[in-house]
Peer 1: 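Provided herewith is a single structure, encoded as structure tokens, for subsequent inquiry.
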Amino acid sequence: MVSREFARLAAVAFIVFMLPVAALSAPSDGQGDAASGKWKSQAELCQECHGEDGNSLSMSTPKLAGHPSAYLAKQLDDFQSGARKHVVMSEMAANLGESDRLDIAAYFAGRKRTPEPDKLPSLMGRDLYLYGDMERGIPQCANCHGERGQGATARGMGFPALAGQHRTYLRIQLLKWRMGERSNSPDGVMNRIARELSDDEINGLAEYLSGL
Ligand code: HEC
Ligand code: HEC
């Protein structure tokens, strides 16, 4: 069972990463207008929590800077449709039109993510991230999120950038995937992966990734 599951996950990762390089685009894939996104995100108060340049200060509020824009736009769609639930964000996304979502996504995707000041390198987190654990059906995270956690875009789909993200936020999301409280990944892939992770592994991954 476990190895069949692993083969399936590895196949997804394979499809994503064996695409010709031309199919991978830069974080800002040109769908939205970043200049409009800048003032829209100010007018809509997004910058109040996420920072003017998408680098939030609060540990539980994610940095938006440096994510693929397709990823950001999808999250806003998901908050709006209820596919991803969060009291504040569902409210904040509720009245954004499609061009608002794309423009704001383009603006934050184009900002540079600032690294975390305090680094807690975790060897266990690094090994799991880079190599996975085949026996337990855990694929390499790096296959989808990039070798350095920088994220990726493939066939219009965005894989979030995890490097330099707040440790607390990463930890909360992995716990939410594990509990099934967040379930908006394609084919439930993140739920299946997170279900295999122990508390220690989740902490280790969050420490390693925030320190990149
Ligand atoms: C009051 C604070 C607050 C405001 C205002 C706010 N956000 Fe958020 N946002 C959050 C928090 C907290 C989360 C994390 C939600 C979770 O834990 O699932 C979040 C999550 C997100 C995410 C998901 C990021 C990821 O890495 O998955 C996006 C995208 C986002 N917000 C965009 C916006 C936009 C666009 C606006 C303005 C329309 C906005 N936010 C306004 C607090 C805020
Ligand atoms: C087969 C591809 C794939 C693999 C392998 C994978 N992920 Fe993901 N992950 C995704 C996708 C796609 C999303 C975004 C889903 C969505 O919300 O649309 C995601 C989302 C996440 C998020 C939420 C990011 C945010 O900003 O909210 C975290 C954290 C995460 N993954 C960590 C990991 C870790 C740690 C591993 C390895 C143990 C891993 N992922 C393996 C595809 C993958």
Side-chain angles (χ1 to χ4, degrees), residues 6 8-17 37 40-51 54 56 58-80 83-96 100-101 103-105 107-109 125 127-133 136-146 149 151-154 157-162 165-178 181-197 201-202 204-206 208-210:
F6 182 78
R8 232 167 84 78
L9 293 171
V12 176
F14 181 81
I15 291 164
V16 169
F17 280 88
K40 284 179 179 176
S41 61
Q42 191 179 20
E44 296 289 342
L45 307 179
C46 318
Q47 299 182 11
E48 299 284 322
C49 291
H50 291 285
S56 57
S58 152
M59 286 296 272
S60 53
T61 306
K63 295 179 186 175
L64 304 181
H67 268 314
S69 62
Y71 173 73
L72 292 174
K74 176 180 182 287
Q75 299 312 301
L76 294 173
D77 289 351
D78 289 355
F79 283 126
Q80 198 168 68
R84 179 172 173 182
K85 295 180 176 57
H86 186 263
V87 183
V88 172
M89 277 312 304
S90 307
E91 187 78 19
M92 293 307 302
N95 297 317
L96 300 176
D100 301 333
R101 298 196 295 271
D103 292 350
I104 292 174
Y107 171 64
F108 285 123
D127 285 354
L128 204 49
Y129 185 80
L130 293 176
Y131 310 118
D133 184 344
R136 290 157 61 212
I138 303 172
Q140 294 105 308
C141 320
N143 276 355
C144 291
H145 293 282
T153 306
M157 186 178 147
F159 295 82
L162 306 176
Q165 184 59 276
H166 295 300
R167 184 156 68 240
T168 307
Y169 172 77
L170 290 173
R171 203 176 142 262
I172 293 173
Q173 295 309 305
L174 287 168
L175 291 170
K176 284 186 178 180
W177 291 120
R178 190 171 74 181
E181 203 176 298
R182 179 171 171 187
S183 56
N184 62 331
S185 66
D187 212 15
V189 68
M190 278 310 303
N191 298 109
R192 282 182 285 138
I193 292 172
R195 272 200 294 271
E196 301 299 324
L197 300 173
E201 288 171 331
I202 286 181
L205 283 161
Y208 169 69
L209 290 164
S210 69

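All figures in this text were calculated on a predicted structure; none of them were measured in a lab. In listed order, ligands and their atoms are each counted from 1.
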Peer 1: Compare every heavy atom of Pro68 with every heavy atom of Ala161, then report the nearest pair and how far apart it is.
Peer 2: N-CD, 4.1 Å
Peer 1: Considering only heavy atoms of Leu45, which atoms of ligand 1 have at least one such atom less than 4.0 Å away?
Peer 2: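 Going through ligand 1 atom by atom, the ones under 4.0 Å from Leu45 are 5 (C).
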Peer 1: If you compare all heavy atoms of Ser90 against all heavy atoms of Arg84, which two are closest, and at what distance to 0.1 Å?
Peer 2: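 Nearest pair, atom of Ser90 first, then Arg84: OG-O, 4.4 Å.
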Peer 1: Quick check against the 3.5 Å criterion: does Arg101 have a side-chain atom that pairs as donor or acceptor with the backbone of Leu96?
Peer 2: yes
Peer 1: Please check: side-chain N/O of His166 versus main-chain N/O of Ser210, any donor-acceptor pairing under 3.5 Å?
Peer 2: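 Flag not set: sc His166 to bb Ser210 has no pair under 3.5 Å.
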Peer 1: Could an N or O of ligand 1 be found under 3.5 Å from any N or O of His67, whether backbone or side chain?
Peer 2: yes
Peer 1: Would Leu128 count as a contact of ligand 2 if the rule is a heavy atom under 4.0 Å away?
Peer 2: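 The answer is no: ligand 2 sits nowhere under 4.0 Å from a heavy atom of Leu128.
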Peer 1: For Trp177, counting its heavy atoms only, list the atoms of ligand 2 lying under 4.0 Å from any of them.
Peer 2: 17 (O), 20 (C), 21 (C), 22 (C), 23 (C), 28 (C)
Peer 1: Between Arg182 and ligand 2, does any nitrogen or oxygen pair lie at a separation below 3.5 Å?
Peer 2: yes
Peer 1: Considering only heavy atoms of Lys176, which atoms of ligand 1 have at least one such atom less than 4.0 Å away?
Peer 2: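 Checking each atom against Lys176, I get 16 (C), 17 (O), 18 (O).
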Peer 1: Restricting to ring-ring contact (aromatic ring centres under 6.0 Å, His included), what partner residues turn up for Tyr71, sequence neighbours left out?
Peer 2: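 With sequence neighbours excluded, Tyr71 shows a ring-ring contact (aromatic ring centres under 6.0 Å, His included) to His67, given in chain and number order.
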Peer 1: Would you say atom 8 (Fe) of ligand 2 has Met190 as a near neighbour, meaning an N/O/S atom of that residue under 2.8 Å away?
Peer 2: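 A backbone or side-chain N, O or S atom of Met190 is under 2.8 Å from atom 8 (Fe) of ligand 2.
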Peer 1: Find all atoms of ligand 1 within a distance of less than 4.0 Å from any non-hydrogen atom belonging to Leu72, and give their numbers and elements.
Peer 2: 29 (C)
Peer 1: Which value, rounded to the nearest 0.5 Å, describes the distance between Ile202 atom CD1 and Arg178 atom CZ?
Peer 2: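 Ile202 CD1 to Arg178 CZ: 4.0 Å, rounded to 0.5 Å.
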Peer 1: Taking N, O or S atoms only and a limit of 2.8 Å, check whether His145 reaches atom 8 (Fe) of ligand 2.
Peer 2: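 Yes.
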Peer 1: Using a strict cut-off of 4.0 Å, indicate which atoms of ligand 2 neighbour a heavy atom of Ser185.
Peer 2: 15 (C)
Peer 1: Pull out every atom of ligand 2 sitting under 4.0 Å from any heavy atom of Lys74, numbered as shown with elements.
Peer 2: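 Counting atoms of ligand 2 from 1, those under 4.0 Å from Lys74 are 16 (C), 17 (O), 18 (O).
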Peer 1: Test of understanding: given a 4.0 Å heavy-atom threshold, classify the contact between Tyr129 and ligand 2 as side chain, backbone, both, or neither.
Peer 2: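 Contact part for Tyr129 vs ligand 2: neither.
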Peer 1: How many angstroms lie between atom CD of Gln165 and atom CG of Leu209, to the nearest 0.5 angstrom?
Peer 2: 10.0 Å
Peer 1: Return yes if some donor-acceptor pair links the side-chain N/O of Thr61 with the main-chain N/O of Ser56 below 3.5 Å, else return no.
Peer 2: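 No.
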Peer 1: Between Tyr71 and ligand 1, find which residue part has any heavy-atom pair under 4.0 Å and reply side chain, backbone, both or neither.
Peer 2: side chain
Peer 1: To the nearest 0.5 Å, tell me how far Asp78 CG sits from Met89 CE.
Peer 2: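 The CG atom of Asp78 sits 11.0 Å away from the CE atom of Met89.
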Peer 1: More than 12 heavy atoms of other residues, nucleotides or ligands under 6.0 Å from CZ of Arg171: is that the case?
Peer 2: no
Peer 1: Can you tell me the protein heavy atom closest to atom 22 (C) of ligand 1 and the distance?
Peer 2: Phe79 CE1, 3.6 Å
Peer 1: For Gly137, does its backbone N or O pair with a side-chain atom of Arg192 as donor and acceptor, under 3.5 Å?
Peer 2: no
Peer 1: Out of Pro139, Ala152, Pro186, Pro160, who is nearest to atom 14 (C) of ligand 2 when you count heavy atoms only?
Peer 2: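 Among Pro139, Ala152, Pro186, Pro160, the closest heavy atom to atom 14 (C) of ligand 2 comes from Pro160.
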Peer 1: Could you check whether any heavy atom of Gln173 sits closer than 4.0 Å to an atom of ligand 1, since that is the contact criterion I want to use?
Peer 2: yes
Peer 1: May I ask you to list the atoms of ligand 2 that are less than 4.0 angstrom from any heavy atom of Cys144?
Peer 2: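 In order of number, 1 (C), 2 (C), 3 (C), 4 (C), 5 (C), 42 (C), 43 (C).
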Peer 1: Is the shortest heavy-atom distance from the side chain of Leu72 to the side chain of Leu64 under 4.5 Å?
Peer 2: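 Yes, at least one pair of side-chain atoms sits under 4.5 Å.
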Peer 1: Nearest heavy-atom pair of Ala194 and Leu174: which atoms, and what distance?
Peer 2: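 Taking Ala194 first and Leu174 second, the nearest heavy atoms are CB-O, 3.8 Å.
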Peer 1: Is His145 reaching over with its side chain to a backbone N or O of Phe159, donor-acceptor style, under 3.5 angstrom?
Peer 2: no
Peer 1: Distance from Arg136 atom CZ to Glu201 atom CD, nearest 0.5 Å?
Peer 2: 4.0 Å
Peer 1: What atoms of ligand 2 come closer than 4.0 angstrom to any heavy atom of Met157?
Peer 2: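 Going through ligand 2 atom by atom, the ones under 4.0 Å from Met157 are 12 (C).
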Peer 1: Under 2.8 Å from atom 8 (Fe) of ligand 1, which protein atoms of type N, O or S occur, listed by chain and number?
Peer 2: His50 NE2, Met89 SD
Peer 1: To which protein heavy atom is atom 25 (C) of ligand 1 closest, and what is the distance rounded to 0.1 Å?
Peer 2: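 Among all protein heavy atoms, the one nearest atom 25 (C) of ligand 1 is Tyr169 OH, 3.2 Å.
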Peer 1: Work out which heavy atom in Tyr107 is nearest to a heavy atom in Ser41; give both atom names and the distance.
Peer 2: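 So the two residues come closest at CD2-OG, 3.7 Å.
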Peer 1: Given that the side chain starts at C-beta and the backbone is N, CA, C, O, which of these parts of Asp78 lies under 4.0 Å from ligand 2, counting heavy atoms, or is it both or neither?
Peer 2: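 The answer is neither.
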Peer 1: Hey, could you give me the CG/CH2 distance between Leu197 and Trp177, rounded to the nearest 0.5 Å?
Peer 2: 12.5 Å
Peer 1: Of all heavy-atom pairs between Cys144 and Ala152, which one has the smallest distance, and what is that distance?
Peer 2: O-CB, 4.3 Å
Peer 1: At less than 4.0 angstrom from any non-hydrogen atom of Phe159, what atoms of ligand 2 do you find?
Peer 2: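 Close to Phe159: 12 (C), 42 (C).
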Peer 1: Should the proximity of Leu205 to ligand 2, defined as any heavy atom under 4.0 Å, be assigned to the side chain, the backbone, both, or neither?
Peer 2: side chain
Peer 1: Which of the numbered atoms in ligand 2 are under 4.0 angstrom from any heavy atom belonging to Gln75?
Peer 2: 16 (C), 17 (O), 18 (O)
Peer 1: Of the protein's non-hydrogen atoms, which lies at the shortest distance from atom 18 (O) of ligand 1, and what is that distance?
Peer 2: Arg84 NH2, 2.8 Å
Peer 1: Would one find an N or O of Gln165, backbone or side chain, under 3.5 Å from an N or O of ligand 2?
Peer 2: no
Peer 1: Numbering the atoms of ligand 1 from 1, which are under 4.0 Å from a heavy atom of Ile104?
Peer 2: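 The atoms of ligand 1 under 4.0 Å from a heavy atom of Ile104 are 35 (C).
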Peer 1: Quick one: pull up CG in Leu205 and CG in Leu128 and give me the separation to the nearest 0.5 Å.
Peer 2: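 Here the interatomic distance stands at 5.0 Å.
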Peer 1: Under a 4.0 angstrom heavy-atom cut-off, which atoms of ligand 2 come close to Ile193?
Peer 2: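 Ligand 2 atoms under the 4.0 Å threshold to Ile193: 4 (C), 5 (C), 6 (C), 38 (C), 41 (C).
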Peer 1: Does ligand 2 have any atom that is closer than 4.0 Å to a heavy atom of Glu201?
Peer 2: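 It does not; every heavy atom stays at 4.0 Å or beyond.
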Peer 1: Taking all heavy atoms of Asn184 and all of Ala83, pick out the closest pair and write down the distance.
Peer 2: CB-O, 3.7 Å
